[in-house]
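Remarks on the structure that follows.
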Amino acid sequence: MSYHIKQYQPGEIIFHGGDRSDCAYIIEQGQVEIYVESSESIIDILNEGELFGEMGVLDQSPRSTSARALTAVTLLEVRTQQITNRLAESDPIVKALVGVLLKRFRSMLPSGQINAGNNNLLEQVASVIEQAGISKFKLESELRIAINGGQVQTVFQPINDIQSNHITGFEALSRWQHPERGFISPVEFIALAEETDLIIEVGDLVFTRAIEMLTQLPDHVFININVSSRQLDDDQFLNRVLSRVQDHHISPERLKLEITETMVVDFELAKKWLDKCRNIGFPVCADDFGTGHSGMEQLVELNFDVLKVDQVFIRNMFKNQRYQTILKAIAHIGHSLGTKLVAEGVEDASQHDMLKQLNFDFGQGYFFGKPMSKEEVLQLKFN
Ligand code: C2E
Ligand code: CA
Ligand code: CA
C-alpha cells in the first residue's frame, strides 16, 4: 500500500468540482474547505485526521464539490484501488449502505455541475451495489420473521443401524418454506443465519423440537443436531439446552452434536468446544468427515465420539476404486480409535452391503429414509 504526500499553500485549490476523481485524501496537517464553486457555498471545513474526496472514488464519478487549502496543508493520498478493493471485499450490506448514503448525500448537494457528467455510472454502480445488499438485508429480515412466525420447520431424517437395518436415531434438519420464493435450502439460509445472531434462534428452535420429540420416542433412539461455532462460543447456549434436557428428564447422550470439519480451524478452540459438550454429556460427531482441511491431524487432536463420513465417499465407492480404498482405511482408523462410524448419503442396497462388510455402525440416506415431519416420525414402529 503506497501513500503519496502532497503539500498546498493557503488558498490553493486541491480539486475543482467536475474534475476526474482518482484518489481521496487524509489531512495530515492544516485545514481544508469543501465548497460549491458556482454558488461559493461552504459544505464543510475539515481538520487534521479527516478524510475527504472519497465520494467520487466510491462511485467513480467526477468531483461533485471543490476543495481548497485554508491554511498550509499536508495531505496523504488514498488511491482509488485501496478503496475499491476494500469495498469489493466488504459485506454486501455494507456496500448497500454506502450506495444509499452516497445517493442521498448527492441529492442534498446544491445542484448545477454536481450531478452532471457520469451520473449514469453512479446510478448503475449504486443500483447494483444496492440490489445485492438490499436483497440480502431483506432475506435476513424475512428469516427473522419466519423464525418467530414458525415458518422454519424441523424435519428428521432416519439414521439406521447398518447391521440390523433398524432406525436408531435421526438427524434434525431445518427447512424454510418462503411465502414467495418457495423452498429455500438450509445451505443458503443457515449460512445467512450464521453471519448474525439468528443462528442462535434457529438453534434454539431445533433443540426445543428435538427434545420434545425425544420425549415421545423410545429411550434408545437419539437425535443428531447440527451446531455452528457461534452457538458453541455462546456460553449460555449449552446451559440452556442442558436445562431443557433436564426439565424433560432426557438423558443427554440422546442428543449428539454435529460439528463440521470446516468449523475446526483452531484445535485449541475446538478442544474447548468438545470438552464443554462432553462435560455436559452430549456426544460429539465430526460431520462431513473427509472433506475438510484438517484431516488426519484432527483425529489425533480431537477425540470425537462419532465420525460421520461425507456422502462423496459413499456416492463414489463403486465409481472410483480410490474412494473405496479410502473408505476402507477410514473404517479401519475409526474402529482402531474406538469411534462410531456413520455413512451419509446411502442411496442403494449395494452401498448398504459394502458398508455392512466394512463394519460401519450407522447409515443415513434416501435408502433408509428421507427427512420427514414430526407426525411421520411418530407413526414409525421402533424395534
Ligand atoms: P448435512 O449436515 O451434511 O446434512 C445432510 C444433508 O444431506 C441434508 O441436506 C440431507 O437432506 C441430505 N441427504 C440426506 N440423505 C441423502 C442422500 O441419500 N442423498 C443425497 N444426495 N442427499 C442426502 P439439507 O437438509 O439440504 O441440509 C444441508 C446442510 O444444511 C446440512 O448438511 C447442514 O450442514 C445444514 N443444516 C441443515 N439444518 C441445519 C440446522 O438446523 N442447523 C445448522 N447449523 N445447519 C443445518
Ligand atoms: Ca449434519
Ligand atoms: Ca454431513
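Note that ligands are numbered from 1 as they come in the structure, with each ligand's atoms numbered from 1 the same way. As a basis for the values below, the full set of heavy atoms in this structure was taken, side chains included, without hydrogen atoms, waters or symmetry mates.
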Problem set entry | Atoms in ligand 1 flagged as close to V206, the criterion being non-hydrogen separation under 4.0 Å | 41 (O)
For this session: Quick one: the OE2 of E344, the Ca ion (ligand 3), OD1 of D288 angle, rounded to 10°, please.
Result: 150°
Problem set entry | For the Ca ion (ligand 2), the closest N/O/S atom belonging to E171 | OE2
Seminar exercise, completed: The protein heavy atom nearest to atom 15 (N) of ligand 1 is Q157 NE2, 2.9 Å
For this session: Report yes or no: does Q364 have a heavy atom closer than 4.0 Å to ligand 1?
Result: no
Exercise. Can you tell me if NE2 on H332 sees more than 12 non-hydrogen neighbours from other groups inside 6.0 Å?
Worked result: no
Exercise. Mind checking whether F237 and F207 have parallel, tilted or perpendicular rings, split at 30° and 60°?
Worked result: perpendicular
For this session: Note the single closest protein heavy atom to atom 21 (N) of ligand 1, along with its residue, its atom name and the distance in Å.
Result: E347 OE2, 3.3 Å
Problem set entry | Flag, side chain of D19 to backbone of F15, donor-acceptor distance under 3.5 Å | no
Problem set entry | Heavy atom of S185, distance to ligand 1 below 4.0 Å | no
Exercise. Could you state the interatomic distance from CG (N224) to CG (L173), rounded to the nearest 0.5 Å?
Worked result: 9.5 Å
For this session: Report, rounded to 10°, the angle at the Ca ion (ligand 2) between the two atoms OD2 (D287) and OD1 (N226).
Result: 90°
Problem set entry | Gap between atom OG of S228 and atom CD of E258 - 0.5 Å precision | 13.0 Å
Problem set entry | Distance-only donor-acceptor check, side chains E188 and S185, under 3.5 Å | no
Exercise. Among all protein non-hydrogen atoms, which one is nearest to atom 41 (O) of ligand 1, and what is the separation to 0.1 Å?
Worked result: S174 OG, 2.6 Å
Exercise. Do Q157 and Q364 meet the criterion of a side-chain donor-acceptor pair at a distance under 3.5 Å?
Worked result: yes
Problem set entry | Ligand-residue contact atoms, ligand 1 with E171, heavy atoms, under 4.0 Å | 2 (O), 4 (O)
Problem set entry | the Ca ion (ligand 2) to E258: nearest N/O/S atom name | OE1
For this session: Please report the shortest heavy-atom distance between D310 and E344, naming the atom on each side.
Result: CA-OE1, 4.1 Å
Exercise. So which protein heavy atom does atom 24 (P) of ligand 1 come closest to, and at what separation?
Worked result: P186 CG, 3.7 Å
Exercise. Below 4.0 angstrom, N of the basic side chain to O of the carboxylate: do K6 and E12 qualify?
Worked result: no
Exercise. Heavy atom of E344 under 4.0 Å from ligand 1?
Worked result: yes
Exercise. Can you hop from F304 to L255 via hydrophobic side chains spaced under 4.5 Å?
Worked result: yes
Problem set entry | ligand 1 contact by K308, heavy-atom criterion under 4.0 angstrom | no
Problem set entry | Per-atom contacts, ligand 1 versus D288 - under 4.0 Å to a heavy atom | 3 (O)
For this session: Could you walk me through whether F183 and F189 pass ring-ring contact (aromatic ring centres under 6.0 Å, His included), step by step?
Result: CA-CA 11 Å; F183 173 74; F189 77 82; 8.2 Å; no
For this session: Enumerate the atoms of ligand 1 whose separation from the nearest heavy atom of V187 is less than 4.0 angstrom.
Result: 28 (C)
Exercise. Atom 12 (C) of ligand 1: which protein heavy atom is closest, and how many Å away?
Worked result: Q311 NE2, 3.7 Å
Exercise. Which ligand 1 atoms are under 4.0 Å away from a heavy-atom of P371?
Worked result: 11 (O)
For this session: Flag atom 2 (O) of ligand 1 as yes if some protein heavy-atom distance to it falls below 4.0 Å, otherwise no.
Result: yes
Seminar exercise, completed: So for T260 against ligand 1, with non-hydrogen atoms under 4.0 Å, the contacting part is neither
Exercise. Quick one: do the Q7 and T74 side chains pair a donor with an acceptor below 3.5 Å?
Worked result: yes
For this session: Report yes or no: does V346 have a heavy atom closer than 4.0 Å to ligand 1?
Result: yes
For this session: Could you find the nearest protein heavy atom to atom 31 (C) of ligand 1 and give me its residue, atom name and distance?
Result: L173 CD2, 4.3 Å
Exercise. Who's the nearest protein heavy-atom neighbour of atom 16 (C) of ligand 1, and how far?
Worked result: Y366 CE2, 3.3 Å
Exercise. Parallel under 30°, tilted from 30 to 60°, perpendicular over 60°: which one fits the rings of H352 and F368?
Worked result: perpendicular
Exercise. Can R175 be said to touch ligand 1, with heavy atoms closer than 4.0 Å?
Worked result: yes
Exercise. Out of D235, T208, D204, which residue meets the side chain to side chain donor-acceptor pair (under 3.5 Å) rule with R240?
Worked result: D204
For this session: Classify the side-chain pair E261/Q298 by whether it contains a donor and acceptor separated by less than 3.5 Å.
Result: yes
For this session: Identify, for atom 44 (N) of ligand 1, the protein heavy atom at the shortest distance, and state residue, atom and that distance.
Result: N226 O, 3.6 Å
